[in-house]
Amino acid sequence: MIRFILIQNRAGKTRLAKWYMQFDDDEKQKLIEEVHAVVTVRDAKHTNFVEFRNFKIIYRRYAGLYFCICVDVTDNNLAYLEGIHNFVEVLNEYFHNVCELDLVFNFYKVRTLRGYFCPVRFPNDFVNTLFRQQEQRRTKGK
Amino acid sequence: MPAVSKGDGMRGLAVFISDIRNCKSKEAEIKRINKELANIRSKFKGDKALDGYSKKKYVCKLLFIFLLGHDIDFGHMEAVNLLSSNKYTEKQIGYLFISVLVNSNSELIRLINNAIKNDLSSRNPTFMCLALHCIANVGSREMAEAFASEIPRILVAGDTMDSVKQSAALCLLRLYKTSPDLVLMGEWTSRVVHLLNDQHMGVVTAAISLITCLSQKNPDEFKTCVSLAVSRLSRIVSSASTDLQDYTYYFVPAPWLSCKLLRLLQCYPPPEDGAVKGRLVECLETILNKAQEPPKSKKVQHSNAKNAILFEAISLIIHYDSEPNLLVRACNQLGQFLQHRETNLRYLALESMCTLASSEFSHEAVKTHIETVINALKTERDVSVRQRAADLLYAMCDRSNAKQIVAEMLSYLETADYSIREEMVLKVAILAEKYAIDYSWYVDTILNLIRIAGDYVSEEVWYRVIQIVINRDDVQGYAAKTVFEALQAPACHENMVKVGGYILGEFGNLIAGDPRSSPLVQFNLLHSKFHLCSVPTRALLLSAYIKFINLFPETKATIQEVLRCDSQIRNSDVELQQRAVEYLKLSSIASTDVLATVLEEMPPFPERESSILAKLKKKKGPGAVSVTELEDSKREGGELNGGGDRGPDTAAMAASNTSTPSPSADLLGIRSAAPVGAAPSSAGSLLVDVFSEAGPTAPSAAVNDDGFLSSAPPSEDPAPPLSEADELLNKFVCKNNGVLFENQLLQIGIKSEYRQNLGRMYLFYGNKTSVQFASFTTTVSCPGELQSQLNVQTKPVEPLVEGGAQIQQVLNIECLSDFSEAPLLNIKFRYGGALQNLTLKLPVTINKFFQPTEMSSHDFFQRWKQLSQPQQEAQKIFKANHSMDTEVLKAKLLGLGTALLDNVDPNPENYVCAGVIQTKSQQVGCLLRLEPNAQAQMYRLTLRCSKDSVSRRLCELLAQQF
């Protein structure tokens with residue numbers, strides 16, 4: 001089960017945070033800092049998995065951005081790792097070569113796309129339909 | 001600023017975000033935000049009605065400000081207004097704002113719920129999805145109350161769009177997690193399970209998350225999902241990489257769905273239906289086969305997706321733990337991964353193998369990879385991979401490879417990451433103890449452990465080595481020699497000083513013969529460390545010194561000198577000062593004899609759970625596989641079974657302080673003094689010394705055709721009954737149920753019932769330790785002439801009694817004729833390698849076969865007179881041993897089995913009883929009269945029976961009862 005999702009840049013600025021557990025604001029801030037500290041010291045030779053408190057973090061780095069998912073220790077590491085990649089592909093397709101600024105300026109869109117982060121439902125056709133719907137709306141909206 | 005010209009982009013928003021990003025300081029940012037907030041407020045309050053676009057833009061700005069970490073106290077109403085817009089982008093921003101800034105304002109909640117309701121019934125799938133997402137994101141109890149009953153309907157309705165079904169399933173899952181009481185599946189259960197058959201893969205994927213969660217809570221209601229999941233999985237696994245089109249991820253068909261199906265199956269035991277099981281095994285084999293096929297793509301995404309399924313399949317195989325073939329194949333596959341160039345795979349293979357090691361089918365297969373794992377421990381760059389390697393070594397360790405593994409772990413400790421040292425130390429200590437064949441190796445290992453990683457050696461570890469040395473006299477000399485050598489090092493860890501002080505204080509005499517370790521040398525060595533140590537260690541050393549005075553009288557003067565010096569006797573620490581004063585006094589006043597008694601060698605520690613094991617359990621949580629596995633093999637091994645969980649320091653002091661009670665007595669361990677007398681005289685065999693000479697062999701028991709053990713003839717050498725056996729027997733004359741016997745290892749409970757000349761007795765043998773009893777046998781025998789008087793039949797019991805478990809044995813008893821001896825119950829078992837042999841008397845007494853007889857006063861005295869031959873009467877006058885209270889006496893007489901007759905005896909103080917003893921050969925009528933004399937605290941008991949031997953026996957039995 002996913003506990004939280006964080007997208008941070010190398011400097012530790014949060015680009016997306018989604019919590020699936022109850023934390024108060026101080027605790028959230030602490031978690032964000034801890035995750036940043038744990039993840040940024042690791043290099044390419046390390047695994048994409050880190051034990052974190054009673055959970056584990058599955059993360060992947062894309063350019064300057066770290067995509068981190070905190071899940072239960074019994075969860076399937078590789079499935080979540082590819083879930084991250086899948087999400088990034090979705091972002092990439094949506095923003096046409098996504099970069100960090102896209103996430104900043106389109107935070108409200110990323111939040112909608114976030115639904116396709118976890119492998120719960122992610123099939124390409126669904127994303128496609130979504131794009132199509134939004135595309136249509138865009139043209140109608142004009 | 002990047003181009004924001006994508007149709008629904010909001011220019012004003014982009015400008016605002018750019019401005020914020022360009023702010024040089026926090027103050028500038030706050031200034032810009034306040035300016036914007038004022039602007040938005042004026043727009044919202046203005047007379048001019050805002051159009052949807054502006055409203056959306058301003059609400060979105062507010063959201064951005066909130067996400068930057070500033071409080072937002074307005075705009076909620078405008079966001080709610082957006083919900084009723086017909087434009088997707090406006091509605092979406094409205095819902096987003098609501099989801100992020102939930103307000104418990106009841107007025108708004110009503111409006112929001114209303115908007116959600118409208119959207120749910122709008123039949124517009126996009127709007128429905130937005131509404132469902134909002135419910136799921138908020139996930140509050142209020143939301144659950146309002147919509148929990150509506151969503152299952154949407155989920156299973158035939159006309160719901162696939163995209164809406166997916167959202168509905170996930171929304172329901174969220175509500176179930178927050179308010180399970182409000183989500184009642186009941187009537188929907190079967191239709192939800194059948195979503196596994198849905199044509200749309202997205203719906204299946206979403207539904208399976210919901211079903212998995214529900215199955216974990218109510219496995220029975222959802223168990224039909226197993227066969228559906230298997231057939232779905234089978235279809236995916238056997239499909240070609242292109243069959244599923246959009247659901248194929250880098251040539252792997254539906255990887256996430258496959259993982260989820262495999263995970264759902266892990267909520268259940270293997271399918272009972274043979275066909276389903278066959279199909280599933282086929283799937284698992286296919287998955288294992290695919291791992292061997294050449295990759296369809298060089299991309300890491302391909303291999304990751306494929307291996308995600310593989311690892312999930314291996315989890316399922318391990319979960320079933322019933323298919324040796326699959327387990328071994330899984331192990332071989334993981335073995336290949338151990339050398340893979342992908343760090344992720346090496347890590348996961350180590351992790352997965354750890355669980356495989358605990359399965360009996362694959363343990364040996366795992367062991368073959370030992371060299372690779374040791375290599376991983378030494379060479380992996382990532383500490384978490386090394387940690388997994390250490391875990392795996394621990395899991396695969398057994399007697400055959402213990403020395404190698406312990407040596408490798410010890411050498412790894414020198415460079416190990418600080419974060420895992422303590423756990424490593426515990427693991428090494430446990431393995432060393434568990435698989436120690438010779439104890440000198442064990443002592444060496446632990447001392448090495450202290451030398452290498454002293455800071456990480458917790459108290460439990462060094463307590464344990466002392467417990468074991470105390471309990472094993474064959475290792476004491478070696479231990480003394482080794483600690484003496486270890487202490488020679490110029491810098492040695494304080495824990496080493498503790499162990500050294502304790503062991504030399506107890507067993508220094510064993511090496512004192514060598515002039516290089518003469519008493520004075522030992523003392524000087526210990527004392528050279530004294531000043532560098534902390535207070536508790538110094539206190540321990542002081543106790544070691546007083547023990548030295550006892551062991552080596554020649555050191556007395558030197559030690560007294562040390563104790564007398566100001567730094568001890570006037571130490572600012574109360575504990576040290578008190579010890580110095582008391583020890584000094586003790587050594588000067590007490591005679592050698594007294595000193596020898598007070599400072600006697602520590603008695604062995606009683607066996608309890610290993611304190612280290614308890615510590616590891618606490619660290620890892622009770623569920624840790626490795627720990628339970630460890631306990632199992634500990635029972636098998638069971639060699640090192642001395643030891644307890646109290647600190648040896650306090651225990652050591654117990655012996656030395658019994659004569660000097662003081663206010664800080666319990667600090668010095670007075671409380672632990674009790675075990676001195678009660679403690680066993682040799683390790684782990686509490687009874688062995690008492691009985692071992694007596695019972696070398698089990699009485700041979702003849703097995704009848706019907707599988708019952710008849711009561712065997714007395715063997716040549718039965719262990720003699722316990723001295724208290726008669727006393728135990730007497731406890732049961734007037735009662736049928738209770739605890740017959742109890743010691744530190746074993747408890748025996750009894751329940752029995754009798755009818756006429758037949759009886760049935762249930763014996764309950766409870767293992768009070770945490771260690772298994774092996775070769776547990778019980779034999780019931782009827783010595784001497786009892787053989788012809790009583791027939792006892794029983795079935796043999798299970799030879800293994802697990803720690804903490806209880807087993808039951810039924811005895812069928814038939815009384816052939818009257819008898820006066822009691823049958824013997826012999827119990828033999830191995831506890832930690834030592835044979836326990838124990839014989840008790842079974843509380844089967846003649847009175848158990850009483851049938852009460854009611855009769856009138858007239859009849860009673862008539863029969864009384866009839867039984868007038870002198871042999872038929874037995875009489876005893878005796879002093880009361882127990883309360884003479886009327887009710888107590890009545891209860892006892894009724895428990896005896898006779899009828900208590902009222903208004904028979906002319907003296908109302910007296911009790912009379914009548915009954916018939918039923919034996920197979922004859923019936924014996926018995927009359928009883930008990931005359932208490934409260935003043936003298938005496939009784940007169942008279943029995944008249946038709947058979948003289950019965951009178952005598954009953955009289956004997958009853959005289960003990962009052």
Side-chain angles (χ1 to χ4, degrees), chain A residues 1 14 17-18 20 25 29 42-51 54 56 73-83 85-86 89 95-96 99 101-102 104-109 111-112 115 118-130 133-142, chain B residues 1-2 4 6-9 13-14 17-18 21 60 63-64 67 87-89 92-93 96 99-100 126 133 162-163 166-167 170 177 201-203 205-206 209 245-250 254-257 259-260 263 301 304-305 307-309 311-312 315 343-344 346-348 381-382 384-385 387:
Chain A
M1 178 188 164
T14 307
K18 172 68 187 174
Y20 295 89
D25 287 350
Q29 194 50 42
R42 298 171 66 85
D43 66 29
K45 291 268 181 198
H46 287 88
T47 59
N48 293 87
F49 326 122
V50 207
E51 283 175 35
N54 290 328
K56 65 187 173 194
V73 280
T74 52
D75 283 332
N76 189 317
N77 299 36
L78 290 176
Y80 281 105
L81 187 60
E82 285 314 302
H85 185 75
N86 186 62
E89 285 193 355
F95 290 109
H96 304 293
C99 70
L101 283 186
D102 287 326
V104 178
F105 282 93
N106 297 289
F107 70 95
Y108 56 96
K109 292 180 196 164
R111 289 194 160 255
T112 316
C118 48
V120 168
R121 58 195 165 111
F122 131 69
N124 292 327
D125 76 323
F126 191 55
V127 175
N128 289 339
T129 8
L130 182 101
Q133 281 169 356
Q134 299 212 331
E135 220 53 63
Q136 284 163 3
R137 243 164 232 107
R138 262 177 236 147
T139 38
K140 274 184 205 158
K142 269 186 182 169
Chain B
M1 196 178 90
V4 217
K6 276 195 170 181
D8 60 342
L13 175 68
I17 295 175
S18 293
R21 285 174 58 80
C60 204
L63 187 57
F64 183 75
L67 292 174
K87 288 202 178 107
Y88 170 82
T89 52
Q92 186 243 331
I93 296 289
L96 188 57
S99 306
V100 175
T126 332
H133 291 174
D162 293 331
S163 60
Q166 296 176 61
S167 298
L170 294 176
K177 278 181 178 163
M201 298 280 270
V203 173
T205 317
S209 294
Q245 292 165 358
D246 282 343
Y247 291 88
T248 300
Y249 178 84
Y250 289 89
W256 290 284
L257 181 53
C259 288
K260 281 176 172 290
R263 183 140 291 220
Q301 283 79 17
N304 276 350
N307 291 329
I309 302 174
F311 278 108
E312 205 60 66
S315 295
T343 318
N344 283 344
R346 295 197 302 274
Y347 173 92
L348 293 172
R381 280 188 52 202
D382 184 340
S384 57
V385 185
Q387 165 89 64

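Lettering follows sequence order; numbering is per chain, from 1. Here the structure is a predicted model, which is why all the values come from computation and not from measurement.
Heavy atoms of A:Asn54 lying under 4.5 Å from chain B are absent altogether. Only the side chain of B:Leu348 comes within contact range of chain A, judged by heavy atoms closer than 4.5 Å. Heavy atoms closer than 4.5 Å to chain A are found in the side chain of B:Cys259, but not in its backbone. Contact of A:Asn77 with chain B is made through the side chain alone, with heavy-atom distances under 4.5 Å.
Across every non-hydrogen atom of A:Glu51 and B:Tyr347, the tightest pair is OE2-OH, 4.2 Å. When all heavy atoms of B:Phe64 and A:Val104 are compared, the closest pair comes out as CE1-O, 4.4 Å. The two residues A:Lys45 and B:Arg381 have their closest heavy-atom pair at CG-NH1, 2.9 Å. Minimum heavy-atom separation, A:Thr74 to B:Arg263: O-NH2, 2.7 Å.
One N or O on the side chain of A:Asn76 and one on the backbone of B:Ala308 form a donor-acceptor pair closer than 3.5 Å.
For the pair A:Leu78 and B:Glu312, the minimum side-chain heavy-atom distance is 4.5 Å or more.
Between the CG atom in A:Leu81 and the CG atom in B:Asn304 there is a gap of 5.0 Å [rounded to 0.5 Å]. Residue A:Lys56 holds its NZ atom at 11.5 Å from OG of B:Ser384, rounded to the nearest 0.5 Å. Note that CD of A:Glu89 and OH of B:Tyr249 are 5.0 Å apart. Values are rounded to the nearest 0.5 Å.
Within 6.0 Å of CG on A:Asp43 lie more than 12 heavy atoms contributed by other residues, nucleotides or ligands.
No other option in A:Thr14, A:Val50, A:Asp75 has as many heavy-atom pairs under 4.5 Å with chain B as A:Asp75.
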